[in-house]
Amino acid sequence: MTDLTDLLTPETVFERLAVTNKKALFQQLAAAAAAAYDLDSAMVVDGLVKREKLGSTGFGGGVATPHARIAGLNQVVGVFAKLAQPIDFQAIDDLPVDMVFLLLSPVDAGALHLKALARVSRRLRERGFVDKLRGAGSRDALYAMLTADEARDAA
């Protein structure tokens, strides 16, 4: 499965999110996740900060996949944001980040967490796909691209 339908809802996709740094980004993404998935935003921020201390989740090409395991979740969920302006993320290639896919998993979702993270990373490493996301002019367009199955796209 290459679409990310199981991870996102239209309300968890943001176009032109205005933040100036990683801390502000985590706060905004946590607030969105808290509202969409009935979570405590402070717990989400704490989980993201703890994971980020292990090393940047900015994997290059202007893309980051911050992630954490959160108590109270019963499935893997996500929030996607295309930023209004790129921010420093201490990414592996030292380039600023403008595409962010937040992934949150239940505390005990070891293999499911890793599989979802691999699926998101694989999709967001496709340069052509990321270029299309960058060109999207609306939240609806972003959601449609992120949830379209690659096989349907090729047909």
Would you please name every residue forming a side-chain contact (heavy atoms from CB on, under 4.5 Å) with Leu95, sequence neighbours left out?
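side-chain contact (heavy atoms from CB on, under 4.5 Å) check on Leu95 returns Asp93.
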Are the side chains of Leu8 and Phe101 in touch, meaning some heavy atoms are under 4.5 Å apart?
yes
May I have all residue pairs that pass ring pair (Phe, Tyr, Trp, His ring centres under 6.0 Å) and include part of residues 40-65, sequence neighbours excluded?
none
Just grab all the ring pair (Phe, Tyr, Trp, His ring centres under 6.0 Å) pairs involving residues 103-128, residues at least two apart or on different chains.
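Checked against ring pair (Phe, Tyr, Trp, His ring centres under 6.0 Å) - neighbours excluded - the pairs reaching residues 103-128 are His67-His113.
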Partner set under side-chain hydrogen bond (donor to acceptor under 3.5 Å, both in side chains) for [X], not counting sequence neighbours:
{"X": "Thr65", "value": "none"}
{"X": "Lys50", "value": "Asp46"}
{"X": "Asp140", "value": "none"}
{"X": "Arg139", "value": "none"}

Under 6.0 Å from the CD1 atom of Ile92, do we count more than 12 heavy atoms belonging to anything else shown?
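Open.
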Over 12 foreign heavy atoms within 6.0 Å of CD, Gln85
no
Lys23: which residues meet the salt bridge (Lys or Arg N to Asp or Glu O under 4.0 Å) condition with it, sequence neighbours left out?
none
In chain order, what residues pass the salt bridge (Lys or Arg N to Asp or Glu O under 4.0 Å) check against Asp94, with sequence neighbours excluded?
none
Hydrophobic cluster partners of Val107 (side-chain heavy atoms under 4.5 Å):
none
Apart from Val79 itself, which Ile, Leu, Val, Met, Phe, Trp or Tyr residues share its cluster (side-chain heavy atoms under 4.5 Å, direct or through members)?
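Phe14, Leu17, Val19, Leu25, Phe26, Leu29, Tyr37, Leu39, Met43, Val44, Val45, Leu48, Val49, Ile70, Leu73, Val77, Leu83, Ile87, Phe89, Val97, Val100, Leu102, Leu104, all in the cluster of Val79.
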Nearest atoms (heavy-atom pairs only) where [X] meets [Y]:
{"X": "Ala84", "Y": "Ala18", "value": "CB-CA, 4.2 Å"}
{"X": "Lys82", "Y": "Gly135", "value": "NZ-C, 4.4 Å"}
{"X": "Pro96", "Y": "Pro86", "value": "CB-CB, 3.6 Å"}
{"X": "Ala109", "Y": "Ser105", "value": "CB-CB, 4.3 Å"}

Apply side chain to side chain contact (heavy atoms under 4.5 Å, CB included) to residues Asp6 and Arg119 and explain how you reach the verdict.
CA-CA 12 Å; Asp6 59 320; Arg119 192 161 42 107; 2.8 Å; yes
Could you go step by step and tell me if Leu124 and Phe129 meet the side chain to side chain contact (heavy atoms under 4.5 Å, CB included) rule?
CA-CA 7 Å; Leu124 295 178; Phe129 179 67; 4.0 Å; yes
Going from OH on Tyr143 to OG1 on Thr5, what distance comes out if it is rounded to the nearest 0.5 angstrom?
5.5 Å
Give every residue pair that meets the salt bridge (charged side-chain N to carboxylate O under 4.0 Å, His left out) criterion with at least one member in residues 96-114, sequence neighbours excluded.
Asp98-Arg134
Hydrogens and angles aside, do Glu52 and Thr57 bring a side-chain donor and acceptor to less than 3.5 Å of each other?
yes
Could you check Leu142 against Leu133 for side chain to side chain contact (heavy atoms under 4.5 Å, CB included), going step by step and ending with a plain yes or no?
CA-CA 6 Å; Leu142 285 168; Leu133 290 174; 3.8 Å; yes
